[in-house]
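Heavy atoms only: backbone and side chains are in, while hydrogens, waters and symmetry mates are out.
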Amino acid sequence: MTAPYRPSLDEISAARARIASHVPRTPLVRLDLGLPDRQIFLKLETLSPIGAFKLRPALNALLSRDRETLARGVATTSSGNMAYGMAWAANRLGVPMAAYMYAGAPQTKIDGVRRLGGEVRFISMETWWQYIIGADRPEFPELLINPVSDQAVLSGNGSIGMEIVEDLPEVDVVLTPYGGGSMTTGVASAVKALRPEAKVFAVEDENAAPVTAALAAGRIVDIETRPSFIKSIGGPSLVPQLWPIARELIDGAVSVSLMQVTEAMRLLFAKSKVVAEGAGAASLAAALTSQHARGNIVCVISGGNIDAAAYSAVLAGNIPAP
């Protein structure tokens, strides 16, 4: 696996131009809560055609390859939204597509992949993680696009950060959910280049917070995770190829509880009629609770693909079962 690097503004700008005809610019809207020390803004990636930010990196990853490279099809490893995004992009380009997913992935995302003509190949969580970190790969002929460390993925994600600073030049803090880290790294690459004084924080589920653990230890560590209904962030460790870049760009990590996340999900619905999955609402949970959240705060609401039963439980005031 080729080591990724921090994408430049030129690369991010090129990615944005490449995907522009397929992905509408998502709005940045103010969430007026009357808080005296912070103004909260929502970057609504939930309004993407697939309901999540992953369409940006998926499209850029395919559109930056030549047709000969894509001739045998494409594949990716995903807990859900990257698979969904890749299926959408592959469908649009007429390319065969397969997704390596674990059985516990949200059904709405599995259904989305299949509806768009993608093939879902279920693997164990252990195998899934080995594919993510590049320690193993499937024995199939498709081009395997890593959802975390592929360079075109990082540039595609950077388009989010570029739009944030254009829409709110005086942004002080950007909060991004941290799964594999590609979104946080891409967003931070653009934000730090355009507004160096802005701070970017990785947001994690306290039940699986490898960034917090790595920052405390000064190195990547393996952690014990606890079951959670949030599927798109957290993991047993960090992707080693990406961590050196992410560590240089982020200003810290914020871990949030399931109660805080579900409260943020309900607030998004009540105040803005925004449906967010757990990972998508985690940034708002951090904005409401973290001591770092002061000034003009942008929360990247990364996705809204949540199973109906789980979302109904949240709206009823409960924490969904893992």
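- A donor-acceptor pair shorter than 3.5 Å cannot be found between the side chains of Q130 and T127.
- N296 contributes a side-chain N or O that, together with a main-chain N or O of E170, makes up a donor-acceptor pair within less than 3.5 Å.
- Ring planes of F201 and H292: parallel class, angle under 30° (limits at 30 and 60°).
- In this structure, N157 contributes its side chain and S182 its backbone to a donor-acceptor pair below 3.5 Å.
- Considering only residues two or more places apart in sequence or on other chains, D167 meets the salt bridge (charged side-chain N to carboxylate O under 4.0 Å, His left out) condition with R25.
- Judged as a salt bridge (charged side-chain N to carboxylate O under 4.0 Å, His left out), and not counting sequence neighbours, the contacts of K192 are D251.
- Residues V221 make up the rest of the hydrophobic cluster containing I223, defined by ILVMFWY side-chain heavy atoms closer than 4.5 Å, directly or through other members.
- A salt bridge is absent between E224 and R226; no separation between the charged side-chain nitrogens and carboxylate oxygens falls under 4.0 Å.
- Within the structure, every pair that satisfies the salt bridge (charged side-chain N to carboxylate O under 4.0 Å, His left out) test and touches residues 109-119, not counting sequence neighbours, is listed here: K109-E277, E119-R121.
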| Given D150 and R65, is the salt bridge (Lys or Arg N to Asp or Glu O under 4.0 Å) satisfied, shown in steps? | CA-CA 12 Å; D150 186 88; R65 263 84 173 189; 2.7 Å; yes
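- Crowding of R72 atom CZ: a count of heavy atoms from other residues, nucleotides or ligands under 6.0 Å not exceeding 12.
- With S159 contributing its side chain and G156 its backbone, the two residues share a donor-acceptor pair below 3.5 Å.
- Side-chain contact, E206 with S257: no donor N or O sits under 3.5 Å from an acceptor N or O.
- Residues L9, L28, F41, F53, I160, M162, I164, V165, L168, V171, V174, M183, V187, V191, L194, V200, V298, V300 make up the rest of the hydrophobic cluster containing I12, defined by ILVMFWY side-chain heavy atoms closer than 4.5 Å, directly or through other members.
- Expressed to the nearest 0.5 Å, how far OG of S155 lies from CZ of R56 amounts to 13.0 Å.
- Using modelled atom types, one finds a donor on one side chain and an acceptor on the other under 3.5 Å when comparing E11 with Y5.
- With L268 as the fixed residue, the side chain to side chain contact (heavy atoms under 4.5 Å, CB included) test singles out one of L42, V275, L44: L42.
- Under the rule for a salt bridge (charged side-chain N to carboxylate O under 4.0 Å, His left out), D66 has no partner lying at least two apart in sequence or in another chain.
- Remark: E166 engages R16 in a salt bridge, criterion side-chain N to carboxylate O under 4.0 Å.
- For the residue pair T108/N305, the side-chain donor-acceptor check at 3.5 Å is not satisfied.
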